[in-house]
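Sequential numbering from 1 along the given sequence is applied to the chain's residues. It should be emphasised that the depicted structure is a prediction, and the values quoted were computed from it without experimental measurement. All heavy atoms count here, side chains included; hydrogens, waters and symmetry mates do not.
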Amino acid sequence: MATNIKSWYSGKNVFITGGSGFLGICLLEKLLRTIPDIGTIYLLLRPKRGKEINQRLEEIKKNLVFEKLFETTSVDEAFKNVKCVAGDVGQPDLGLSPEDRKMLKDNVNVIFHSAATLDFAESLKTTVDINLLGTRRCLQLGKECTNLKVFIHVSSAYVNSWALVTEEIVYPLKQDVEKLIKLTETLSSEELESQTPEILGDHPNTYTITKQMAEHEVQACQDLFPCTIVRPSMIIGAWKEPIPGWTISKNGAQGFLMGAAKGVVRRLPVGKEIIYDNIPVDIVVNELIAAGFHAAVTEAKEVQVYHCTSSTCNPFRWATVEDKVNVYLHRYPLKSAVWYPHLKFLPTLTWFKFSAIFVHIIPAMFLDLLTRIFGGRPILVKLHNNISSSLDRLSSFIFTEWKFHNDKTMALQKWLKPEDQKDFNLDISELLWIDYFEDLTKGARRYLNKENMKNIEAARGKDTLLMVFHLILQGVIYCMVWYTIATCSGLSMTSTAFIVPLTIFLCSYI
């Protein structure tokens, strides 16, 4: 039996779905950097936007996630055992050619199934096809592999979101899987959409119901080969590896920091004392690798479920970083900022929407008008409309607190050898959210807003200038309100001087 993770994965051939996504590309980087003797890594990629899979692989190589890896090896050397395979989990037989399918069946030892549609607004037909049937198709490939050692499935901590406290078990289904599949095949799009709320039942969206059903697909194969399910919560930027703060995802905290740094996202509806379950992407990657190793070497006969979460071991609350967020935004400002950044938390979605009229929509309309005048492409009004729509879809998640018990994850950490505990750490008890958010702010600056630290002094100079403009604009607005009320009331400016502090006070609530 292999003594540690690195020796076990050495020589193993790995198949990864979702390898170009946020989690998948970080998994690829970790395998290449820490297990140089790994066998062939097969990436399932679908041609899109007129680009063939080899072109997509070249784009993957350019991602800054590999920056640390390329410090010690060349691109060609690092990717010598990476082979892209044309396919799509949403297509019958994964869209594989007969030749590629035979190659995978004959060679693959480990399957990481990460591909999924994460869009909460996606139709039931699409999510069934990708999240549910896509998992079934990957498992079918696993059944046909001649020497499969383990199947690792990426699920979500929110698949059982009707329960506010959940354990690391596969919960029973309340809907019939085959009946649902039949409905998506026989009903028209309009009929299916009208019946979707009834079909969902306790589920908030099509994502959670199809991901829960996918877990049962995995469980059904537990007697055929070792299987494991990892349930991450909200995956955000890297804590330590490969680079603190690295991200390509605009979901969650890093997306808000991206927009706030530009000065265009100024309000955020959150419950400051509610526990929000965030987990760094590098911890999720470590758990996928470690969970697969454990299931394989113990030859597990029952699917193991792991919560890769923070709510019960190192809970995050926005109140923890509230006083620091704006400090970080001005410590690492953007040269491309359109206005002086200031992010404020609001306690309800209704309050947010009212405030957004004044601090998001009206300024966006004005800036879009200027953009049109100077021949540019206006995007801010559309951006804020999209944000508002997204928040409506996420409303059930924004002000709800879940607790995901992760006893099995903690037990897995203790079970690992000391060297594996260090190289594939699963324990976030030492993560300091205040320090982490500083790295996340820098990561959003570099990887999402595409500004490196070379222009930081120029950006700070612009930040100071924007602050002056911001203060001047506030002064002008307060004076205009003062003058308007004095004129309309027929009172003198002196007798209505109280209007200025009153306006400042009222605006503080917007």
Side-chain angles (χ1 to χ4, degrees), residues 18 21-23 89-90 113-136 153-166 170-177 179-181 183-185 187-218 229-236 249-253 255-256 269-271 274 276-279 307-309 311 349 352-353 385-404:
F22 178 40
L23 178 60
V89 297
H113 177 42
S114 172
T117 175
L118 307 178
D119 187 352
F120 287 179
E122 191 64 85
S123 70
L124 192 57
K125 182 175 179 60
T126 299
T127 50
V128 165
D129 204 27
I130 296 175
N131 295 348
L132 172 56
L133 293 177
T135 301
R136 182 177 289 185
H153 175 67
V154 181
S155 186
S156 168
Y158 296 98
V159 295
N160 308 297
S161 54
W162 67 84
L164 300 184
V165 179
T166 57
V170 177
Y171 284 81
L173 285 173
K174 298 180 181 180
Q175 297 87 354
D176 183 89
V177 173
K179 182 179 178 181
L180 177 58
I181 293 171
L183 285 175
T184 63
E185 292 173 343
L187 294 181
S188 66
S189 298
E190 293 76 15
E191 290 172 327
L192 188 60
E193 184 176 357
S194 67
Q195 292 187 31
T196 293
E198 181 182 353
I199 294 170
L200 292 181
D202 294 334
H203 282 276
N205 52 56
T206 60
Y207 171 77
T208 61
I209 189 173
T210 52
K211 289 295 283 185
Q212 191 205 10
M213 289 179 169
E215 289 191 350
H216 283 261
E217 296 291 314
V218 177
I229 296 171
V230 176
R231 292 178 182 156
S233 52
M234 171 57 73
I235 306 177
I236 53 178
S249 171
K250 297 176 184 177
N251 295 327
F256 292 120
V270 296
I274 289 176
Y276 288 87
D277 205 306
N278 294 312
I279 195 73
H307 279 160
C308 190
T309 54
S311 54
L349 198 55
F352 165 82
K353 289 189 174 184
N385 287 335
N386 289 340
I387 290 174
S388 180
S389 298
S390 296
L391 291 173
D392 285 337
R393 291 194 295 270
L394 291 169
S395 58
S396 59
F397 290 86
I398 295 174
F399 297 103
T400 303
E401 179 176 291
W402 282 274
K403 289 187 178 179
F404 307 109

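In this structure, G252 and M234 approach most closely via the heavy-atom pair CA-SD, 4.2 Å. For the pair V165 and Y171, the tightest heavy-atom approach, listed with the atom from each and the gap, is O-OH, 4.3 Å. Nearest heavy atom pair, residue P204 against residue F397, reads CG-CZ, 3.7 Å. Closest approach of L173 to V177, counting heavy atoms only: CD1-CG2, 3.5 Å. Nearest approach of I130 to G90, heavy atoms of both residues: CG1-CA, 4.3 Å. The two residues H203 and V159 make their nearest non-hydrogen contact at CE1-O, 3.1 Å.
You'll find the ring centres of Y207 and Y158 outside the 6.0 Å limit.
Classified by interplanar angle (parallel below 30°, tilted 30° to 60°, perpendicular above 60°), the ring pair H307/F404 is perpendicular.
Between Y276 and V270, some side-chain heavy-atom pair lies under the 4.5 Å cut-off. Put simply, the side chain of L23 reaches to within 4.5 Å of the side chain of I235, judged on heavy atoms. A heavy-atom distance below 4.5 Å is found between the side chains of H216 and V170. No side-chain heavy atom of R231 sits under 4.5 Å from any side-chain heavy atom of S156. L164 has its side chain within reach of T400: a pair of non-hydrogen atoms, C-beta onward, lies under 4.5 Å apart. Proximity of S249 to I236: side-chain heavy atoms (C-beta onward) are nowhere separated by under 4.5 Å.
E193 CD to S188 OG: the interatomic distance, rounded to the nearest 0.5 Å, is 10.0 Å. The CG atom of N205 sits 11.0 Å away from the OG1 atom of T196 when rounded to the nearest 0.5 Å. Note that the NE2 atom of H113 and the CD1 atom of I229 stand 11.0 Å from one another [nearest 0.5 Å]. Between the OG1 atom of T309 and the CG atom of N278 there is a distance of 11.0 Å, given to the nearest 0.5 Å. L124 CG to L183 CG: the interatomic distance, rounded to the nearest 0.5 Å, is 8.5 Å. Between the OG1 atom of T117 and the CD atom of E122 there is a distance of 4.5 Å, given to the nearest 0.5 Å.
With hydrogens and angles ignored, the 3.5 Å screen pairs no side-chain donor or acceptor of N160 with any backbone N or O of A163. No donor-acceptor distance shorter than 3.5 angstrom exists from the side chain of K211 to the backbone of T206, with no hydrogens or angles considered. Judged purely by atom type and a 3.5 angstrom limit, D277 uses its side chain to pair as donor or acceptor with the backbone of S311. With S194 contributing its side chain and E191 its backbone, the two residues share a donor-acceptor pair below 3.5 Å.
Residues H153 and E215 have side chains that never bring a donor and an acceptor to within less than 3.5 angstrom of each other.
For Q195, the CD atom is densely surrounded, since the number of other residues' heavy atoms within 6.0 Å is greater than 12.
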Quiz item: Given the rule in the side-chain contact (heavy atoms from CB on, under 4.5 Å) test, do K179 and I199 qualify, once you have shown the distances and angles that lead to the verdict?
Solution: CA-CA 10 Å; K179 182 179 178 181; I199 294 170; over 6 Å; no
